[in-house]
Amino acid sequence: MSDETFKPKIVAFLCNWCSYTASDLAGTARIKYSPRVRIIRVMCSGRVDPSFVLKAFALGADGVLVAGCHPGDCHYIEQNYKTMRRDVMLRYFLEQMGIEPGRLRLVWASAAEGQYLAESINTFVADVRTLGPLNWSDVLHDGVRREEAFEEIAAEHAEAMEVQP
Amino acid sequence: MITSDEELRIGVYVCHCGSNIAGAIDVEALTKFAEQLPHVALARHYKYMCADPGQELVKRDIVEFGLNRIVVAACSPNLHEPTFRRAAEDAGLNRFLVQIANIREQVAWVTEDKQEALEKAEAHLAAAVRRVAQHEPLQRQFVRIVPRAMVVGGGIAGIQAALTLADAGREVILVEREPSIGGHMAMFDKTFPTLDCAACILTPKMTAVKLHSNIKMLTYSTVESVEGSVGNFRVKVRRKPRYIDENLCVGCMQCIDGCVFTKAKFPNAFDQGLGLRKPVWIPFPQAVPPVPVVDPEVCLQITRGKCKQGCVEACGERNAFRFDQQEKIEEYEVGAIIVATGFQAFDPSVIPYYGYGKYPNVYTSLEVERLLNAGGPTGGKLVLRDGSTPKRVGIVHCVGSRDANYHVYCSRVCCMYALKLAHLVREKTDAEVYNCYIDIRAPGKGFEEFYNRVQNEGVRFIRGKVADVTPVAGQGTTAEGGLVMQVDDTLLGKIRQINVDMVILAVALEPRADANEVRREFGISCSAEGFFLEKHPKLAPVNTANDGVLLAGACQAAKDIPDTVAQADAAAAKALMLIDAGQIELEPNTAWVDEKMCSGCKTCIALCPYQAIRADEERKIAVIDQALCKGCGTCVAACPSGAAKQHLFADQQVNEELEGLMNYV
Amino acid sequence: MSGEPKGKLALYWAASCGGCEIAVLAINEKILDVDALFDIVFWPVAVDAKVHDVEKMADGSIDVCLFNGGIRTSEQEYMARLLRKKSKVLVAFGSCAHEGCIPGLANATNRRGVFQTAYHETPSTENPEGVEPQPKTQVAEGTLHLPVFYDTVRTLDQTVSVDYYLPGCPPEADRIWDAITAIVGNTLPPPGSVIGAETTVCEECPRKRNEKKVKKFYRTWEIIPDEETCLLEQGLLCCGIATRAGCGARCPQVGSPCIGCYGPNEGAHDHGARMMAALSSMIDSTDPEEIDRIIRDGIPDPVGTFYRFGLAASHLRRAKTADGNGSLAKK
């Protein structure tokens, strides 16, 4: 699905020391990349609670990007390995929830890799575009018309009340 | 402290940053958008928020309109977050009730379409407004700084930094991996462009290091591990055994004469392998400390356990030999660390067409430095492998530099040292010298003048990259064989073959082979080419991302001696600044544990690389040491009970930011 | 409570198993105290009162309604709204009303998937004509109505506003009594609160805990756990670390890992996310492939493991199902 009008909503969690700095560097170097990605700064990718990711999807994100320092290069020594583990776990879980694991992306970008981060963002946006909208609020819509069903029952009860002595 | 939503009064400031932001984002529309956000009491836009009038605006509004939260939509928080925090504090507002929306680096500068830019800026601004509503006032916290610095690397950068700090009256621990300090500079004969004798200007400094009461010099030692953080580093140093007691040795060198090996037969690494040494040896005559070292790989006493020990006999009643010396680990506490680990010369044997390693009379510049040096293997005589004096010498510039196959960067010093070598070769041998260059880079003080001087001395310059170096037909690869440099002379517009009997490759300066392991140990980053990464290329050239770890010299980028010395002094000044402050502010964004929610499950304990989390067995809770916590928040994200929380990155703060972002996407 | 001698109490049962009804009786003889304090105006399982009796009551005339069960059908939604209107205090009683519980786990599929399994696929089903319940069925006498069966189970507070929550599957008798005491003694926490502990099961678990680093996860039948040590540290998927205390750590005490029936701790919204965050963090590997293997080998069903009770209340609330077949999106 590559709907031209589809504007993906993507949230990116960037770690302060590497990937957020890389995004600043992309800016300084005036490297243009897709504006569809909105950025949240965390001190370390290790702070990215799986519940942030799930909440982002629930709020309507079509994709979530988490970026940290390269493995072995974490500003906090080894915390990005925890990010790596959570990423594996989350993708496994998302798969079971019917969400394409490709909607969650983990990127390692050093503070010097502004260009690379911008490219990674563009690639991810393109990939999410291919996957199409997720629109979680639609997923929550019931196949049956809840309101109508409720009104019907309420009406039945009201009718029943009328015939009560 | 603000307790209910109704009392929230958020001030929003949109910065134009001249035209940097205003040129890409409709700042008026953004301000209007901000005005209608919940709890926003006022929204303004201004030309330069970071300038004094911009800051004054914030301060005045805080007082006048009773603002209790501030959002500044401007450049990256990594630049001006401290500025606006301070402005808020000046106006009596807690400094942590400020949030920055990054609309310059992350929006204005990276977005083509103005409408898209506005939408993204709105999202980031809305997120910041929702986030700041959740901020709480925090107290700043401080810890004591250990008033001592460590300098790692005893080249000219390390020596200079150590002396500056020591002269300022501070304790310094200088760690050097080699048996002597001095580094690359000690290998050189002369220095450009003044042609000072390297030893003449360096050895007094080396001696000063040894004599300085504030400097503890640890040679033949490497840094094993670094723990702790700015102000309180704990560094373990691995001290290799010299097998000679440094305190007892007087540097008479008689042991070297006394060694049972009557002839030197092992290559001396300091001489680039051109000279030979014995199992007990000293890298060069002016070594500091002037204490020989025993090579355990080849010393008979150590390898076989029996030897006549001519060395010990020569040492006599000094009795400095200690064949039972063991490697040991020593731990030092320091407040700041200056990394000055230098560079290595590019190994040109990986470039097949220059024939280094194949044709004996192809040399690296560093080898020639040793040949020219009076203390070197030939006593300062420039000779070919067969002992004859070269008559025609070719110098190839940019070997490994400015070459997409090796290093893209310019090594900055090669042009100048090649000119110096050309001068020295002519001075010592009267040989014809051909400099084959891409272009001559001589932008330093006195450099262009030196270039002119060398040109006037009759050194020939050929603008073009040397394509290959081959033996003269029929002469094979023997030591006396002549060589042909093939070069595309771009000024004449033709290919030239130049017969020479010596080729000097002006090799690149590159990051040391172990730079990657070293930087990990010090918690710093490398830039793309592998040199250590400074915190900011212009404004923080000696700082690193790891506070308290500073850079000096060629480990940060290829540079010459004057720049190295200047940077070393800058690093020393930064270290001094830290130490003299006496205390340092802790990260405000530390993690903490809500005691009543913690069940003591111990999920977090093993997750902290700083051992900041301790299990309180009695109370069955986890306790986070605020001085050790670096504020990454990993334990907070992992805490299954939700008891671990992070200042400035609380769940509800991030969640609100997320809601803000998504609402306005 | 006002000055009236007896309060009015209602209990109701929506999408749940009935265990909560029994749990009310598990307070044993104290049920007599409850009877002394309250008139039970509505409790279909125990007292003969009809829906229209409730409909006739004045709004807000029921003092306390203990509502168990999630909202799966239109009829349950009607009752939830009705009892909300009639009650001063509405308590989401037990895991189903609180967070969807096992019925909510069906949010991993949809109505179609549930019907397919229940009316066609289970081994005990004999349904050659493929009959499925219909909201409306024409018979000679007229139209028969069944409530509409929704795709998604909702928690009580996703349907109506809820004053208090009493977690557990079912809530422990002591906790029920605590709640009743709080109601009677007017010592209830602020509305919207969960009545219960603010910490997790480990608080009540006597097992010894050390460092948590796990190289392999086991399912309960794969190992016989050591009696003293934390089950999770032995690789068993014990949800006690992320689950609200209040049960007395019954399961881990007898060597069975906590399955999480008390839901997430105070302030945590997504029970499964808390478990996933903690568990993945403690995996002792830095190799993505090995990590993947450890997770897939040890946790064949992450939704069932981490969201057994809390799927309906989680951020995502349900799975996205492939259209039409209602089956779980599978690889």
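Reminder, nothing fancy here: chain letters follow the sequence lines and each chain counts from 1. As the structure is a prediction and not an experimental result, all values here were calculated from the model.
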J.: In terms of side-chain geometry, is the basic nitrogen of Asp113(B) or Lys32(A) positioned less than 4.0 Å from the acidic oxygen of its partner?
T.: no
J.: For Ala591(B), which atoms come within 4.5 Å of any heavy atom of chain A: side chain, backbone, both, or neither?
T.: neither
J.: Hey, which of Arg86(A), Glu113(A), His70(A), Glu78(A) has the most heavy atom pairs under 4.5 Å with chain B?
T.: Arg86(A)
J.: With a 4.5 angstrom heavy-atom cut-off, which part of Ile524(B) approaches chain A: side chain, backbone, both or neither?
T.: neither
J.: Between Asp73(A) and Arg519(B), is the closest basic N to carboxylate O distance under 4.0 Å?
T.: yes
J.: Let's test your reading of the structure: which of Ser34(A), Ala61(A), Gly27(A) forms the most heavy-atom pairs below 4.5 Å with chain B?
T.: Gly27(A)
J.: Thinking salt bridges, do Glu657(B) and Arg41(A) make one under a 4.0 Å N-O criterion?
T.: no
J.: Any heavy-atom pair between the side chains of Val654(B) and Phe13(A) that's under 4.5 Å?
T.: yes
J.: Answer whether the closest heavy-atom distance between the side chains of Arg38(A) and Gln106(B) falls below 4.5 Å.
T.: no
J.: If we define contacts as heavy-atom pairs under 4.5 Å, which of Ser51(A), Ala29(A), Cys44(A), Ser45(A) has the most with chain B?
T.: Cys44(A)
J.: With chain A as the partner, which of Val636(B), Val107(B), Asn546(B) has the greatest number of non-hydrogen pairs under 4.5 Å?
T.: Val636(B)
J.: If I measure from the heavy atoms of chain A, does Leu658(B) come under 4.5 Å with its side chain, its backbone, both, or neither?
T.: both
J.: With rounding to the nearest 0.5 angstrom, report the CD to CD1 distance, Gln653(B) to Ile40(A).
T.: 12.0 Å
J.: Please lay out, stage by stage, how Glu116(B) and Lys7(A) fare under the test side-chain contact (heavy atoms from CB on, under 4.5 Å).
T.: CA-CA 11 Å; Glu116(B) 291 268 26; Lys7(A) 290 169 128 192; 3.8 Å; yes
J.: Evaluate Lys630(B) against Gln79(A) for side-chain contact (heavy atoms from CB on, under 4.5 Å), listing each step before the verdict.
T.: CA-CA 11 Å; Lys630(B) 292 275 156 283; Gln79(A) 304 304 61; over 6 Å; no
J.: Could you tell me whether the side chain of Thr634(B) reaches within less than 4.5 Å of the side chain of Arg47(A), counting heavy atoms only?
T.: no
J.: Non-hydrogen atoms of chain B under 4.5 Å away: do they reach the side chain of Tyr81(A), the backbone, both or neither?
T.: neither
J.: Taking Tyr20(A), Trp17(A), Tyr76(A) one by one, which has the highest count of heavy-atom pairs under 4.5 Å against chain B?
T.: Tyr76(A)
J.: Tell me which of these, Thr21(A), Ile77(A), Asp24(A), has more heavy-atom pairs under 4.5 Å with chain B than the rest.
T.: Asp24(A)
J.: How far does OG of Ser76(B) sit from CG of Asn16(A), to the nearest 0.5 angstrom?
T.: 8.0 Å
J.: Report which part of Lys55(A) has an atom under 4.5 Å of a heavy atom belonging to chain B: side chain, backbone, both, or neither.
T.: both
J.: Are side-chain heavy atoms of Val110(B) and Arg30(A) found at a separation under 4.5 Å?
T.: no
J.: Side chain, backbone, both or neither: which part of Asp651(B) has an atom under 4.5 Å from a heavy atom of chain A?
T.: both
J.: Which atom pair, heavy atoms only, marks the closest approach of Met662(B) to Gly60(A)?
T.: CE-C, 3.4 Å
J.: Apply side-chain contact (heavy atoms from CB on, under 4.5 Å) to the pair Thr111(B) and Tyr33(A), showing each step before the final yes or no.
T.: CA-CA 6 Å; Thr111(B) 311; Tyr33(A) 59 86; over 6 Å; no
J.: Give me the atom names and distance for the closest heavy-atom approach of Asn589(B) to Met43(A).
T.: ND2-CG, 3.4 Å
J.: I'd like to know if the side chain of His124(B) and the backbone of Ile39(A) have a donor-acceptor N/O pair within less than 3.5 Å.
T.: yes
